[in-house]
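Values in this document were obtained by computation on a predicted structure and should not be read as measured data. Proteins come first, then strands; the chains are lettered A, B, ... in the order of their sequence lines, and each starts at number 1.
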Amino acid sequence: MTRGETPLAGPVQHRRHFLFVIPSEVEEPLAVTMADDRKTLEQRAQMTDIERLRHSAAHVLATAILKIWPEAQFAAGPPVENGFYYDLELDHRISPEDFEKIEAEMKKETKANHVFERVVLPRDEALSMAQRGVLGALGERPSPSKFKLDIIQNIPEGEEISLYRNGEFTDLCAGPHVMRTGNVGAFKLTHVASAYYKGDEKNPQLQRIYGTAFKNKTQLDEYFAMLEEAKKRDHRKLGKELELFTFDDDVGPGLPLWLPRGAAIIEELEKLAKETEFAAGYQRVRTTNLARESLYLKSGHLPYYKESMFPPMIVRKGEEFRTYFENWEKEQNRLHEDTASIFLPDIKDPEVRAKIGGMSTDEMNRWIEQRIAGMGQEAVNEFNRMAVDNFIPTLMMGQVAPVEDRYYLKAMNCPHHHKLFAALPRSYRDLPLRLAEYGTCHRYEQSGELFGLMRVRSLQMNDAHIYCTPEQFETEFNAVNEMYLKYFKLFGIEKYLMRFSTHDPAKLGQKFVDEPELWKQTEEMTRNVLKNSGINFVEVPNEAAFYGPKIDVQAWSAIGREFSIATNQVDFAQPRRFNLVYKDRDNTEKTPLCIHRAPLGTHERFIGFLIEHYAGNFPLWLAPEQVRILPIGDEAPLLDYARAIQNELRAHQVRAELDASSDHIKAKIANAEQMKVHTMLVLGNRDLEASAVSVRIHGKGNVGARPRAEVIADLLLSIKERKA
RNA sequence: GCCGAAGUAGCUCAGCUGGUAGAGCAGCUGAUUCGUAAUCAGCAGGUCACGGGUUCGAGUCCCGUCUUCGGCUCCA
């Protein structure tokens with residue numbers, strides 16, 4: 001798989017967070033997916049105006065680069081979400097310092113206002129042009145346009161081949177383009193990155209020059225102003241400024257440490273989830289962070305998911321003894337055969353191993369003597385000679401470190417929860433059984449994938465597994481979706497999308513578990529639930545998990561960053577792997593369905609999302625510091641009054657601080673505003689005399705003085721109701 | 001993991017082609033007693049990410065490591 005993404009059921013996903021994952025039996029070949037996904041000419045023609053403009057800007061960029069470096073080899077130059085890029089091969093490493101020079105050439109090209117001319121031509125002619133190096137070039141060149149050549153060779157027979165010209169520049173291109181280069185009104189190169197040709201690391205590595213383009217300068221400026229604004233909301237920046245979390249090299253990459261202010265947000269989310277789930281009939285459970293290898297063998301996560309798990313902890317020195325064992329096994333002599341014939345079956349027999357495991361050294365020696373009693377004297381001598389450094393450690397392997405005894409940090413909670421299901425005899429009366437846990441999971445994300453709080457190696461999910469009968473499924477699934485919607489409403493998440501991934505009946509038994517009826521049934525029910533609930537969703541065929549249909553929940557933060565908050569999945573395979581059963585009405589044992597769900601995803605990602613969503617201006621109930629009391633001056637009676645108010649608030653679990661510094665009131669306010677404290681209570685002698693407090697709300701300013709009791713009551717109500 | 005860039009005080013950053021490490025904010029101390037976004041002064045704060053190398057001399061040049069950031073098919 002590319003980029004070491006775990007081979008999961010379903011396609012490789014970039015910057016996606018997997019709630020939990022079960023490997024497919026058959027890894028999906030990537031190449032097939034690519035072939036399937038090739039865009040048709042018709043699809044290509046469907047470009048929006050801005051995409052068309054940006055695609056043309058990519059041609060202008062190529063033109064400019066060729067003016068400076070005529071030998072550059074171009075690959076693909078599409079429009080992308082916020083601009084365009086062009087991939088090229090060039091010995092000179094283009095750096096941002098080159099941008100000015102390139103942009104100047106681009107400017108010349110747009111000033112010249114060349115027409116974009118489309119030419120349709122036969123395949124052999126296109127091939128010949130590529131051979132002569134004229135595609136993606138300003139004219140004939142000594143070496144062929146190799147990427148263009150490759151692209152032409154991959155164009156299906158019968159599909160029209162076209163090229164576009166602007167001035168001296170000719171490029172293989174399906175189009176479409178704007179009329180003239182002058183239509184590319186305003187542009188700017190933004191960054192340079194690297195990319196493999198066709199995204200395959202076996203292919204040459206190319207330089208990717210990114211830029212953006214707009215109709216005019218005003219729109220371009222607006223775009224960059226928006227980017228500036230977005231930067232201010234970046235959760236990494238705000239996380240530091242607001243003292244929410246930190247990373248430390250000694251702790252390790254991707255392992256966030258939550259400062260008190262950040263932990264306060266976590267506490268609130270936990271409280272929210274616990275209340276909501278309790279009301280919805282969930283039960284809390286707690287499971288360990290570690291488990292034996294055998295658990296993950298049973299769940300099927302090993303070896304498929306191994307790459308994404310931290311390497312195992314091996315109890316005692318199993319590896320070392322195994323090496324002895326391997327060396328010993330390699331010995332090709334009579335001794336080997338004799339001893340092997342006696343001891344190999346012993347070593348491989350778990351019962352014998354367990355027996356040896358309980359022996360003291362003396363007992364073991366006696367046992368060995370008994371086992372070799374039938375051998376000739378010569379063999380016994382030889383055996384004794386090598387027993388000390390070879391054979392006994394080999395046996396001890398069975399005693400101290402069997403191969404199975406490895407422990408892994410858990411990467412998902414489901415196997416543990418399945419064990420809890422299995423811990424008690426279950427009847428249909430126990431279902432649905434909803435087990436919830438804020439469990440800490442560890443995943444070995446690739447170093448290049450780590451990204452602030454969005455992609456970490458230590459994470460806590462607001463996880464739960466619902467075990468139910470097929471009859472209960474629809475109600476349960478609907479309830480889960482209701483919960484999602486409730487949360488969206490609470491957090492004011494307006495832009496979201498649920499991607500409903502279904503199976504392809506043609507791939508049953510390969511990509512998808514061979515349960516045609518269950519697939520049909522659960523997909524139908526899921527579809528109904530989605531339709532009836534008015535949820536914004538799209539159906540994505542052929543992208544289901546191996547074991548059942550799933551829903552990915554995507555949301556967009558205020559700065560347009562996409563978040564895959566959670567996946568919500570149906571699973572009818574894992575309960576079977578774990579032999580989970582309940583006794584049904586008819587006294588037969590049946591396997592439950594399992595729904596995996598985590599509406600808030602992980603603390604880490606969700607808080608990252610919230611930081612950007614609120615730009616750090618959290619609503620009162622979530623604010624790390626809900627109230628700060630700011631006395632005007634530091635006279636004793638005033639400070640006593642301030643402390644009394646703080647104590648009263650704290651008694652009601654309100655996160656209230658007191659600024660008793662010698663700063664002037666203006667400075668105290670500035671400090672509190674900077675830390676985005678939600679409510680500031682300004683106290684002067686006027687307030688003291690009137691038993692009042694002056695309320696100032698972050699972002700709103702002074703809202704006036706009111707009686708102390710009234711203000712406190714309002715604060716408590718607002719927190720209790722989680723008002724926006 | 002791969003490619004590229006970056007790492008200087010708690011934070012934000014300056015430090016030119018190698019020549020004794022700097023500012024603002026935060027911190028500490030003192031003064032200031034101020035009614036809604038920054039009162040004044042003084043002090044302290046650094047193994048220039050880490051480890052090697054070149055050099056009379058390295059924050060600066062070279063190599064390696066770590067971390068962070070931007071990317072790694074939204075596809076002629």
Under 4.0 Å from OP1 or OP2 of [N]: is there any side-chain N or O of [X] that close?
{"X": "A/Arg208", "N": "B/G70", "result": "no"}
{"X": "A/Arg236", "N": "B/U68", "result": "no"}
{"X": "A/Lys240", "N": "B/U12", "result": "yes"}
{"X": "A/Tyr86", "N": "B/U73", "result": "no"}

Check: A/Gln73 side chain, A/Phe147 main-chain N or O, donor-acceptor pair, under 3.5 Å
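Not a single qualifying donor-acceptor pair exists.
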Check for a donor-acceptor pair, side chain of A/Arg141 on one end and backbone N or O of A/Pro70 on the other, with a separation under 3.5 Å.
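A pair under 3.5 Å: yes.
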Separation of [X] atom [atom1] from [N] atom [atom2], in whole Å?
{"X": "A/Ile632", "N": "B/U36", "atom1": "CD1", "atom2": "P", "answer": "8 Å"}
{"X": "A/Arg706", "N": "B/U36", "atom1": "CZ", "atom2": "C1'", "answer": "17 Å"}
{"X": "A/Phe99", "N": "B/G70", "atom1": "CZ", "atom2": "P", "answer": "15 Å"}
{"X": "A/Phe247", "N": "B/G7", "atom1": "CZ", "atom2": "C1'", "answer": "17 Å"}
{"X": "A/Arg696", "N": "B/U36", "atom1": "CZ", "atom2": "P", "answer": "9 Å"}
{"X": "A/Asp150", "N": "B/U73", "atom1": "CG", "atom2": "C1'", "answer": "13 Å"}
{"X": "A/Arg52", "N": "B/C74", "atom1": "CZ", "atom2": "P", "answer": "22 Å"}
{"X": "A/Leu453", "N": "B/C69", "atom1": "CG", "atom2": "P", "answer": "10 Å"}

Which nucleotide in the list [options] gets nearest to the side chain of [X]?
{"X": "A/Asp634", "options": "B/U33, B/G70, B/G71", "value": "B/U33"}
{"X": "A/Ile665", "options": "B/C75, B/G35, B/C72", "value": "B/G35"}
{"X": "A/Leu450", "options": "B/U68, B/G35, B/G71", "value": "B/U68"}
{"X": "A/Val80", "options": "B/C75, B/C72, B/G35", "value": "B/C75"}
{"X": "A/Pro253", "options": "B/U39, B/U36, B/U67", "value": "B/U67"}
{"X": "A/Glu673", "options": "B/G70, B/C72, B/A37", "value": "B/A37"}
{"X": "A/Pro78", "options": "B/U36, B/C2, B/C75", "value": "B/C75"}
{"X": "A/Asp249", "options": "B/U67, B/U36, B/G70", "value": "B/U67"}
{"X": "A/Lys666", "options": "B/G71, B/U39, B/G35", "value": "B/U39"}

For the side chain of A/Asp687 and the base of B/G35, is some donor closer than 3.5 Å to an acceptor across the two?
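Side chain to base: pair present.
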Any N/O donor-acceptor pair, A/His664 side-chain to B/U32 base, under 3.5 Å:
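Looking at the base of B/U32, it does pair with a donor or acceptor on the side chain of A/His664 (distance under 3.5 Å).
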Straight-line distance of A/Ser501 OG to A/Glu539 CD, nearest 0.5 Å
9.0 Å
Mind checking if A/Glu160 touches a base, just sugar-phosphate, or nothing, with heavy atoms under 4.0 Å?
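Base contact.
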Base, sugar-phosphate alone, or nothing: which one does A/Tyr164 contact when heavy atoms must sit under 4.0 Å apart?
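Here A/Tyr164 touches no strand at all.
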Inspect the contact between A/Glu625 and A/Arg261 and indicate whether a charged nitrogen and a carboxylate oxygen are less than 4.0 angstrom apart.
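Judged by the 4.0 Å cut-off on N to carboxylate O distance, A/Arg261 and A/Glu625 do form a salt bridge.
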May I ask you to say whether A/Asp687 pairs ionically with A/Arg708, meaning some side-chain N is under 4.0 Å from a carboxylate O?
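Salt bridge between A/Asp687 and A/Arg708, a charged N being under 4.0 Å from a carboxylate O: no.
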With ring-ring contact (aromatic ring centres under 6.0 Å, His included) as the rule and sequence neighbours excluded, what pairs involving residues 154-178 of chain A come up?
A/His55-A/His177, A/His59-A/Phe169, A/His59-A/His177, A/Phe116-A/His177, A/Tyr164-A/His177
I'd like to check A/Arg236 versus A/Phe247 (side-chain heavy atoms, cut-off strictly below 4.5 Å). Are they in contact?
no
Provide the Watson-Crick or G-U wobble partner of B/C69, both distances under 3.5 Å; none if there is no partner.
B/G4
5'-most contact on RNA chain B (nearest-nucleotide basis), A/Ser662 vs A/Ala670, goes to A/Ser662
